[in-house]
Structure formats: C-alpha cells, structure tokens
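Atoms considered below: every heavy atom in the structure, side chains included; atoms not considered: hydrogens, waters and symmetry mates. Remember, predicted model here, so these are calculated numbers, not experimental data.
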Amino acid sequence: MLADDVIYLRKLEESDLDRTWQWINQPDIYTAIGTAIPVTKTAQRRWFEELDKSNTKIVFAICLHNGDQHIGNISLDLVDYRHRNARVAMFVADADLRGQGIGTRAMQLLIEYAFDFMNLHRLYCKTTAGNPAVLDFYHKLGFRVEGQLREHEYIEGRYADKVMLGLLRSEVVQDDESAS
C-alpha cells in the first residue's frame, strides 16, 4: 500500500464511482481537471470500465487513515513505458481539506511510486497559467516550468494559457541528497 502517517492511496474501485461522479460534476473540480460536463453516471461507468482495462492509466483514491475517508483522486496517465514518462493529475474534493498538505503528501507518494516502483524517468502535468497557488504547489514538489501552451483550453467563455511542468527522477534524488 502507498501510505504515510496521514493518508494512503489505493486503486479506485467501482464502489467509489457514485462519489467521484458527484465530485467531477462540481464546477471547481471539472474546471481544474478539464472534464467535459455534465458527466452522466453511464459515462462514468464506461470510463471506469476502460480504466480497469488500461495499462496506460492508473487512478488512485486518496484516503485519510482517520475514518478511511476517500477525499480525492490522483492519477498517472498517458504512461509511456518505452520512454518512461507519464502525466500526473490530482484533486482533493472537499475545499475545506485543501491547503492542509494532503495534496502534497499524495503527490509525494505518487512520485515515489512512479519513480521507484514503475521505474519512470519523467513526470509532467499542465495547469492553467496565472494560478500561483497551483504553480507553487508543483514547484515545492520539484516540478519545473517547461513551457507554455498559448490559449490551449477554452474555459468559462475564454481561452486560457496552460503551463507545462515536469519533474525528472534525478531531480528528486538530488533533492533527497541535499536534505541529508
């Protein structure tokens, strides 16, 4: 199990679908993760069936040890085993739980899993430009800005730039060694 003293990650289960369906239809979440809305329960079930067969996407439930509460999801997708890279994405559903370090803990566990267990070389993600809280979050984890996609997504009636961020396995090792 992927765990620390506060949270654990487990594979998303079919029993999680009703809860995640509600989450991905919330404006703050579907805007952040770029989901086309509304998502029907049927579409959610089909998505899960494809996920269950996929060898290029892994979705974990983020759970608190205290009460075994499922509070969000984190994923590796577009996993490229030949070139050893993957895209990361995450959300904590309850706004009251954001900003408490849970997302950082979850991403640290995912990074460790991706680099140490899956033997990946690079992780990457994209986020909306002009969102300093999210950029700070990824920078603190060691991700570096790799570029900007101009007017890449249409969000709430306007085109938005997206920032591409990446983290190399060697950058994590260097950070760990400098802490010793």
* Asked: With the threshold set at 4.0 Å, does a side-chain nitrogen-carboxylate oxygen contact exist between R105 and D5?
  ->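 Yes, this pair counts.
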
Please report the shortest heavy-atom distance between [X] and [Y], naming the atom on each side.
X    : Y    : answer
D94  : D96  : OD1-N, 2.9 Å
L110 : S75  : CD2-O, 3.6 Å
A86  : L120 : CB-CD1, 3.8 Å
G166 : E171 : O-OE1, 4.3 Å
Y113 : L76  : CD2-CD1, 4.1 Å
A3   : L109 : O-CD2, 3.6 Å

* Asked: More than 12 non-hydrogen atoms from neighbouring residues, nucleotides or ligands closer than 6.0 Å to CZ on R45, yes or no?
  ->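 No - once you tally the heavy atoms of other residues, nucleotides and ligands closer than 6.0 Å, there are 12 at most.
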
* To do: Starting from the C-alpha separation in whole Å, work towards a yes-or-no answer on side-chain contact (heavy atoms from CB on, under 4.5 Å) for E153 and Y159.
  => CA-CA 6 Å; E153 291 182 3; Y159 287 97; over 6 Å; no

* To do: Determine, stepwise, if the pair T128 / K162 fulfils side chain to side chain donor-acceptor pair (under 3.5 Å).
  => CA-CA 4 Å; T128 303; K162 301 300 275 192; 2.7 Å; yes

* Look at the side-chain heavy atoms of Ile, Leu, Val, Met, Phe, Trp and Tyr, link any pair under 4.5 Å apart, and say whether I155 and I29 land in one connected group. =>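 As far as the 4.5 Å side-chain criterion goes, I29 and I155 are not connected within one cluster.
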
* Look up atom CZ in R84 and atom CG in N119, then write down how far apart they are to the nearest 0.5 Å. =>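 Going from the CZ atom of R84 to the CG atom of N119 covers 4.5 Å.
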
* Between atom SG of C125 and atom CZ of F143, what is the distance when rounded to the nearest 0.5 Å? ->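 Answer for the SG-CZ pair, C125 versus F143, is 5.0 Å.
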
* To do: Quick one: list whatever passes side chain to side chain donor-acceptor pair (under 3.5 Å) with Q148, sequence neighbours left out.
  =>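 Once residues adjacent in sequence are excluded, the partners of Q148 under the side chain to side chain donor-acceptor pair (under 3.5 Å) criterion are D161.
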
So, the side chain of [X] versus the backbone of [Y]: is there a donor-acceptor pair under 3.5 Å, distance only?
X    : Y    : result
R87  : L78  : no
R98  : V92  : yes
N25  : V39  : yes
H65  : G67  : no
D136 : A133 : no
Y124 : E146 : no
R46  : K41  : no

* Could you check D16, L2, D68 and say which one makes a side chain to side chain contact (heavy atoms under 4.5 Å, CB included) with R10? =>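 The side chain to side chain contact (heavy atoms under 4.5 Å, CB included) with R10 is passed solely by D16 among D16, L2, D68.
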
* Please step through side-chain contact (heavy atoms from CB on, under 4.5 Å) for the pair L123 and F115, ending with a clear verdict. => CA-CA 9 Å; L123 299 175; F115 289 147; 3.8 Å; yes

* Asked: Other than W47, what residues sit in its cluster of Ile, Leu, Val, Met, Phe, Trp and Tyr side chains whose heavy atoms are under 4.5 Å apart, directly or through others?
  ->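 In the cluster with W47 are L12, L17, F48, L51, V59.
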
